[in-house]
Amino acid sequence: MWESVALTLAGAAGNNVGKVLQKKGTHILPPLSFKLKVIRAYAFNRLWISGFLMDMCGAALMLTALSQAPVSVVQPIAGCGLAILCVFSHFYLKESMNGLDWVAITLAGLGTIGVGVGGEEQKVDKIPLFNIPWLVLSIVILFVLLNTWLHIYKKQRREQELTGPEVIEEIIYGLESGILFGISSVISKTGFVMSEMGFPKIVVPAAISCSVGCSAVGFVYQTRGLKHGRAIVVSTCTSVASIVSGVVAGMIALDEHLPTAPTGRFFLLLGWFFIITGVILLVSSTQIIARLPRSVQKFLKSNVERTHSIRRPGSARGKDPIPSTTIHASTLHLLTSPSKEKA
């Protein structure tokens with residue numbers, strides 16, 4: 001189990017750090033296209049190619065973890081990728097962090113330990129095929145209801161000429177993308193399980209292809225939410241929905257279950273709670289601190305941040321902000337938001 005935890009953390013780190021390096025490398029590159037000159041420029045950019053290779057290695061490690069451990073273990077731990085990204089951004093990109101960020105990272109770390117202690121290996125003897133159609137039908141109905149609600153909401157906004165944050169739209173797109181990201185992990189895991197049960201080996205690449213396609217659709221929904229919405233709301237809903245949907249779908253489609261021992265069940269549930277809480281705090285720490293009394297704000301402002309602002313008053317970060325990126329638990333999907341959301 002601890003090997004799977006380590007693989008998941010390494011995979012999440014590779015996905016997150018790789019995406020940031022790719023994004024940083026594109027600052028001096030033209031828009032990606034199929035022109036030979038453009039492809040050559042990307043291929044010979046050391047920063048971009050390093051990020052791309054790290055991203056691919058992270059995806060491979062994540063798939064390896066899914067082949068060895070239940071989705072209910074891999075999916076929540078992969079949500080800690082945001083914590084890894086924050087630490088990397090702080091030490092490598094020299095981005096400042098407040099005290100609440102460090103609390104969130106600590107909670108995510110404790111949650112990972114709890115999942116590792118409480119999780120147990122599960123042998124799937126058979127896939128409850130009867131549950132899969134009901135799961136698919138439930139997801140389709142849920143998406144129909146969410147999109148109907150979104151259509152009604154947009155119509156009301158147009159009729160009333162409302163302005164300001166489109167909260168409902170942000171929540172719905174975040175939930176839809178998170179659900180797709182969580183389901184994509186379950187699809188990959190299903191391919192590995194079917195292969196172990198004696199099905200043709202072709203089921204593994206087929207399942208991975210479906211997983212990537214599902215992640216791609218999730219990325220489209222995520223991008224729609226970010227286009228006019230706030231990254232903090234979209235990313236929070238996406239992160240939580242990804243973890244919850246992956247765990248629930250794994251229990252329904254793969255007959256995964258909570259640990260039988262009360263102690264293991266307690267640590268697993270506590271780990272889930274700490275990880276979800278940590279992710280929510282990470283994406284909303286700035287907004288939370290802004291609502292606190294000034295004395296508490298000064299206490300939460302880290303010494304590292306103050307030193308950073310004194311030593312680098314005219315740093316390039318203020319002129320050319322580095323986007324922060326949130327990577328979720330499936331193979332290849334990305335959420336990019338301006339750095340001012342976490343500044």
>> Test side chain to side chain contact (heavy atoms under 4.5 Å, CB included) on L150 and Y173; report intermediate values, then the result.
In response: CA-CA 9 Å; L150 180 61; Y173 280 133; 3.5 Å; yes
> What distance separates I243 CD1 from I77 CD1, expressed to the nearest 0.5 Å?
Replying inline: 10.5 Å
> Which other residues end up in the same hydrophobic cluster as I152, if Ile, Leu, Val, Met, Phe, Trp and Tyr are linked when side-chain heavy atoms come under 4.5 Å apart?
Replying inline: none
> At their closest point, which heavy atom of M54 faces which heavy atom of G18, and how far apart are they?
Replying inline: CB-CA, 4.0 Å
>> So, taking the atom named CG in D55 and the one named OG in S50, what distance separates them when rounded to the nearest 0.5 Å?
In response: 12.5 Å
> When rounded to the nearest 0.5 angstrom, what distance separates CD in Q156 from NE2 in H151?
Replying inline: 10.5 Å
>> Please give the remaining members of the hydrophobic cluster of L7, linking ILVMFWY side chains under 4.5 Å, ordered by chain and number.
In response: L61
> Got F192 and L63 here, is their nearest side-chain heavy-atom distance under 4.5 Å?
Replying inline: yes
> Considering all heavy atoms of both residues, which atom of S195 and which atom of V203 are nearest to each other, and what is their separation?
Replying inline: N-CG2, 3.9 Å
> Can you name the nearest heavy-atom pair linking V74 to T8, along with the distance?
Replying inline: O-CG2, 3.5 Å
> Parallel under 30°, tilted from 30 to 60°, perpendicular over 60°: which one fits the rings of W48 and Y42?
Replying inline: perpendicular
> If you take all heavy atoms of G182 and S245, which pair is closest and at what distance?
Replying inline: CA-OG, 3.5 Å
>> Looking at every heavy atom in both G191 and A207, which two are closest together, and how far apart are they?
In response: CA-CB, 3.6 Å
>> So, taking the atom named CD1 in I187 and the one named CG in L66, what distance separates them when rounded to the nearest 0.5 Å?
In response: 11.5 Å
> Going from OG on S215 to CD1 on I208, what distance comes out if it is rounded to the nearest 0.5 angstrom?
Replying inline: 11.5 Å
Enumerate, atom names and distances included, each donor-acceptor pair closer than 3.5 Å involving a side-chain atom of residues 140-148, sequence neighbours excluded.
| unit_1 | atom_1 | unit_2 | atom_2 | d |
| --- | --- | --- | --- | --- |
| N147 | ND2 | F143 | O | 2.7 |
| N147 | ND2 | E176 | OE2 | 2.9 |
| T148 | OG1 | V144 | O | 2.7 |

> Rounded to the nearest 0.5 Å, how far apart are CG of L175 and OG of S242?
Replying inline: 11.5 Å
> How close do A249 and V186 get, heavy atom to heavy atom, and via which atoms?
Replying inline: CB-CG2, 3.7 Å
Using atom types as modelled, flag every donor-acceptor pair under 3.5 Å from a side chain in residues 263-278 to any protein atom, sequence neighbours excluded.
| unit_1 | atom_1 | unit_2 | atom_2 | d |
| --- | --- | --- | --- | --- |
| R265 | NE | P259 | O | 3.4 |
| R265 | NH2 | P259 | O | 3.2 |
| R265 | NH2 | T260 | O | 3.1 |
| W272 | NE1 | S72 | O | 3.1 |
| T277 | OG1 | F273 | O | 2.7 |

> Between L137 and F130, is there a shared hydrophobic cluster once you connect ILVMFWY residues whose side-chain heavy atoms come closer than 4.5 Å?
Replying inline: yes
> Who pairs with K155 by side-chain contact (heavy atoms from CB on, under 4.5 Å), at least two apart in sequence or on another chain?
Replying inline: R158, E159
>> Taking I171 as the starting point, is it possible to reach V220 by hopping between hydrophobic residues whose side chains are less than 4.5 Å apart?
In response: no
>> Just to verify, what does R40 make a side-chain contact (heavy atoms from CB on, under 4.5 Å) with, not counting sequence neighbours?
In response: L36, F44
> Is V193 reachable from F199 through a run of I, L, V, M, F, W or Y residues, each pair having side-chain heavy atoms under 4.5 Å apart?
Replying inline: yes
